[in-house]
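Heads up: the structure comes next, in structure tokens.
Here is how names work: the chains are called A, B, and so on, in the same order as the sequence lines, proteins then strands, and each is numbered from 1.
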There are 2 protein chains.
Amino acid sequence: MSTRVDAVTAWESLFRAQVAVMRTIAAEFPTRDISLNEYDVLFNLSRQPGRELRQRDLNRQTLLAQPSLSRLIDRLAGRGYVEKAPDPKDARGTLIRLTDEGFALFRRVAVEHMASITARVGGALDTDDLAQLAVLCDKLRADEG
Amino acid sequence: MSTRVDAVTAWESLFRAQVAVMRTIAAEFPTRDISLNEYDVLFNLSRQPGRELRQRDLNRQTLLAQPSLSRLIDRLAGRGYVEKAPDPKDARGTLIRLTDEGFALFRRVAVEHMASITARVGGALDTDDLAQLAVLCDKLRADEG
DNA sequence: GCTAATTCGATACGTTTGCATCGAGAATGG
DNA sequence: CCATTCTCGATGCAAACGTATCGAATTAGC
């Protein structure tokens with residue numbers, strides 16, 4: 001069956017493309033202000049209703065191990081960008097909420113970051129390619145398991 | 001211009017897909033034997049003629065910072081999976097060569113790893129999708145800058 | 001309703017990573 | 001040919017990460 005080989009090849013291409021693009025983007029990222037992992041957390045919170053999310057759900061969006069995210073959040077909380085509150089629905093859980101200051105930081109960084117992405121990604125693919133790529137990647141992500 | 005928005009959307013999709021797939025793959029990876037970054041180094045060496053590469057070139061394939069790769073290689077060398085030799089063409093450079101033991105380890109791990117990829121990626125997209133995705137990602141990667 | 005198994009987040013601890021910097025060698029420019 | 005600049009890889013050091021483990025809370029099975 002050729003799908004076996006094709007799947008590995010496609011993943012290889014996707015992974016290398018991700019590395020290539022990420023290198024450019026990371027080089028232009030304002031790491032002094034915030035790390036990419038921290039940005040990713042702010043990003044995920046920002047698009048949530050009420051700008052809050054359970055730590056458990058936040059963890060599912062990233063590749064970070066649970067203890068790593070736990071401490072990353074403590075660092076963000078220490079700098080005033082997020083707040084931690086117990087989940088009223090589940091006493092085990094913790095709700096992480098983006099503060100106004102955190103949202104302001106996110107928006108400020110997002111502007112530069114999106115410009116980097118537009119330059120690197122938009123410069124390599126035309127509109128049709130971009131749309132196609134997004135569809136395929138969404139399909140790939142959807143199939144959890 | 002709508003390409004601005006599309007580029008950011010497409011990158012977002014690609015990145016999230018990469019995270020989703022990587023989570024599955026990493027969970028099934030034999031981390032006891034070797035880390036994913038270490039595997040990536042062995043992988044890159046394995047497909048090189050003579051199975052050797054300059055550390056500088058190796059560095060361009062990964063997202064690791066130069067000192068991190070330097071020490072990762074030292075660890076691999078300490079375990080006998082690679083060997084370091086001065087580059088006769090350039091006395092600054094170091095050639096990293098995959099040993100037979102390193103190649104054997106790579107092949108052993110690659111079997112399981114490719115099975116993980118096939119299951120996760122091949123299960124979500126059909127052959128046409130996979131081919132399309134590979135083309136788009138290669139195009140995206142090609143445009144370095 | 002009670003016990004066992006699971007989930008959630010935090011902490012201890014060793015490992016890995018990145019940033020800053022260095023010395024040695026190679027390229028550049030006069 | 002010499003001085004300046006750049007490239008390559010290594011090391012000091014602090015920050016961040018992952019594995020193992022724990023206590024508290026919830027869920028599942030009897």
What nucleic acid atoms does Leu69(B) come within less than 4.0 Å of, heavy atoms only: base, sugar-phosphate, or nothing? nothing

Run the side-chain contact (heavy atoms from CB on, under 4.5 Å) test on Leu42(A) and Ser46(A) for me, step by step, so that the C-alpha distance in whole Å, both residues' side-chain angles and the decisive distance to 0.1 Å come before the verdict. CA-CA 6 Å; Leu42(A) 299 193; Ser46(A) 75; over 6 Å; no

With sugar-phosphate meaning primed atoms plus P, OP1 and OP2, does Ile96(B) contact a base, only sugar-phosphate, or nothing at under 4.0 Å between heavy atoms? nothing

Could you tell me how far apart Gln55(B) (CD) and dA24(C) (C1') are, to the nearest whole angstrom? 15 Å

What is the bend of the helix from dG1(C)-dC30(D) to dG30(C)-dC1(D) when you compare the axis at one end with the axis at the other, using five pairs each and rounding to 10°? 50°

Given dG18(D), is OP1 or OP2 found less than 4.0 Å from the side-chain N or O atoms of Ser68(A)? yes

In whole Å, I'd like the distance from the CG atom of Leu63(B) to the P atom of dT16(C). 18 Å

Tell me whether the side-chain N/O atoms of Arg56(B) come closer than 4.0 Å to OP1 or OP2 in dC8(D). yes

Separation of Asp57(B) atom CG from dT7(D) atom P, in whole Å? 14 Å

Reckon Gln66(B) touches a base, only the sugar-phosphate, or nothing at all at heavy-atom distances under 4.0 Å? base

If I compare all heavy atoms of Leu63(B) with all of Val19(A), which pair ends up nearest, and what's the gap? CD2-O, 3.5 Å

Nearest-Å distance, NZ (Lys84(B)) to C1' (dG9(D))? 8 Å

Between Glu101(A) and Gly80(A) the two heavy atoms that sit nearest each other are OE1-O, 3.6 Å

How many whole angstroms separate atom CD1 of Ile73(B) from atom C1' of dT17(C)? 15 Å

Salt-bridge contact Arg16(A)-Asp40(B) (side-chain N to carboxylate O under 4.0 Å): yes

Using only side-chain N and O atoms of Ser70(B), determine if any of them is under 4.0 Å from OP1 or OP2 of dG9(D). no

What nucleic acid atoms does Arg54(B) come within less than 4.0 Å of, heavy atoms only: base, sugar-phosphate, or nothing? sugar-phosphate

Is there a donor in the side chain of Ser116(B) and an acceptor in the side chain of Glu28(B), or the other way round, less than 3.5 Å apart? yes

Interatomic distance, Asp74(A) CG vs dA12(C) P [rounded to whole Å]: 12 Å

Between Thr31(A) and Gly93(A), the residue closer to the 5' end of DNA chain C by nearest nucleotide is Gly93(A)

What's the CG-P distance between Leu95(B) and dG9(D), to the nearest Å? 9 Å

d(CG, Asn37(A); P, dG18(C)) in whole Å: 11 Å

Could you tell me whether the side chain of Val41(A) reaches within less than 4.5 Å of the side chain of Leu64(A), counting heavy atoms only? no

Which of dT17(C), dC17(D), dA26(C) is nearest the side chain of Leu64(A)? It is dC17(D)

Check this for me: does any side-chain nitrogen of one of Arg92(B) and Asp90(B) sit under 4.0 Å from a carboxylate oxygen of the other? yes

Per atom distances to the Asp90(B) side chain, the nearest of dG25(C), dA16(D), dT19(D) is dG25(C)

Can you check whether Lys89(A) has a side-chain N or O nearer than 4.0 Å to OP1 or OP2 of dT7(C)? no

Does one side chain, of Ser13(B) or Asp138(A), offer a donor that lies under 3.5 Å from an acceptor on the other? yes

Identify whether any heavy atom of Asp87(B) sits under 4.0 Å from a base atom; if not, whether one sits that close to sugar-phosphate; answer base, sugar-phosphate or nothing. nothing

Under 4.0 Å, counting only non-hydrogen atoms across every strand here, what does Thr94(A) touch: a base, just sugar-phosphate, or nothing? sugar-phosphate

Heavy-atom closest pair (Arg141(B) atom, Ala17(A) atom, distance to 0.1 Å) is CB-CA, 3.9 Å

Hey, does Asn59(B) reach any base, or is it just sugar-phosphate, or nothing, if we go heavy atoms under 4.0 Å? nothing

Under 4.0 Å, heavy atoms only, any strand: does Arg71(A) hit a base, just the sugar-phosphate, or nothing? base

dC22(D) OP1/OP2 closer than 4.0 Å to side-chain N/O of Arg92(A): no

